[in-house]
Amino acid sequence: MNTLPGLGDFVVWFVVFLFTLTVHEACHALVARLGGDNTAYHGGQVSLNPWPHIRREPVGTLVVPLLTFFTSGWMMGWASTPFDPAWGSRHPRRQAAMSAAGPAGNLLIAAAAFVAIRSLLAYGLFVPPHHINFNRLVEPADGTPEGSLLHALAFLLSVALNLNVLLCLFNLLPLPPLDGSGILQGLMPDTFGGFIESLRRNPVMSLLGLMVAWQVFDVVYRPAFDILLRLLHPGVAYS
């Protein structure tokens with residue numbers, strides 16, 4: 001990761017990050033509407049327009065991403081989609097589908113970025129980099145002018161793929177307030193589902209869940225990242 005990120009890096013990161021959050025929340029909102037809950041729809045969140053999502057969570061979509069990027073070189077933040085808890089109680093399977101829709105949106109973006117990268121590798125426009133990191137899964141072929149569009153595209157696709165794989169897996173952890181706990185709540189019997197719902201509604205338990213998720217996530221993400229590298233660059237070994 002860059003220690004002193006430049007303006008160009010920031011623009012790419014912010015566009016990818018905001019688009020990723022918007023797709024994630026819009027998928028939640030769309031599946032909720034299809035399942036009969038119009039709460040998010042009336043809030044304007046069944047949309048790829050980022051403004052309704054920013055308006056609902058300005059700190060998570062603007063302030064925290066800016067702070068984390070200029071202090072660490074990468075972005076962290078959050079957004080949220082409102083829904084009717086009574087609807088979720090009446091239709092637990094639909095709530096589970098709504099919870100799963102956000103990570104599914106991340107997976108869709110990751111798949112599109114993966115196909116684009118593999119295609120550009122196949123055409124010889126991208127090559128495996130000498131050193132791999134979150135922002136650099138590929139680089140333009142030798143001889144590509146510095147500052148060309150291919151350099152920006154390699155950076156954008158690397159961030160888009162890695163960020164969306166990360167967010168998909170992170171949100172699937174079955175800990176409150178992450179989407180994985182919402183999926184589990186909707187799929188489990190009433191008593192256990194009610195217990196999970198009580199945890200999700202408790203701010204202290206949600207904070208604790210996030211802290212635990214952050215600590216254990218590397219156990220999940222590191223093997224996934226290694227698999228991703230093997231799929232992108234078969235036969236290339238990275239330490």
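For this chain, numbers begin at 1 and follow the sequence in order.
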>> Can you confirm whether more than 12 heavy atoms, excluding those of Arg56, are under 6.0 Å from its CZ atom?
In response: yes

> What about the rings of Phe17 and Trp74, do their centers lie closer together than 6.0 Å?
Replying inline: no

> Between Asp179 and His28, is any side-chain donor less than 3.5 angstrom from a side-chain acceptor?
Replying inline: yes

> Is the side chain of Ser206 donor-acceptor paired with the backbone N or O of Arg200 at a distance under 3.5 Å, no angle test?
Replying inline: yes

>> Could you check whether any side-chain N or O of Ser158 sits under 3.5 Å from a backbone N or O of Leu137, counting only pairs where one atom can act as donor and the other as acceptor?
In response: yes

> Among side-chain atoms of Asn162 and Tyr221, is any donor-acceptor pair under 3.5 angstrom?
Replying inline: yes

> Do side-chain atoms of His53 reach the backbone of Ser47 as a donor and acceptor pair under 3.5 angstrom?
Replying inline: yes

>> Under a 3.5 Å threshold, yes or no: a donor from one side chain and an acceptor from the other, between Asn164 and Thr20?
In response: yes

>> Does either side chain, that of Gln45 or that of Thr81, offer a donor lying less than 3.5 Å from an acceptor on the other one?
In response: no

> Is any side-chain heavy atom of Arg136 closer than 4.5 Å to a side-chain heavy atom of His131?
Replying inline: no

> Rounded to the nearest 0.5 Å, how far apart are CG of Leu173 and CG of Leu184?
Replying inline: 12.0 Å

> How long is the gap from CD on Gln215 to CG on Leu210, to the nearest 0.5 Å?
Replying inline: 12.0 Å

>> Centre-to-centre under 6.0 Å for Phe10 and Phe70, is that the case here?
In response: yes

> Does Val138 offer a backbone N or O that forms a donor-acceptor pair with the side chain of His233 under 3.5 Å?
Replying inline: no

>> Taking atom CZ as the centre, does Phe195 end up with more than 12 heavy-atom neighbours from other residues, nucleotides or ligands that are less than 6.0 angstrom away?
In response: no

>> Between Arg33 (side chain only) and Asn38 (backbone N and O only), is there a donor and an acceptor less than 3.5 Å apart?
In response: no

> Is the side chain of Asn202 donor-acceptor paired with the backbone N or O of Ser198 at a distance under 3.5 Å, no angle test?
Replying inline: no

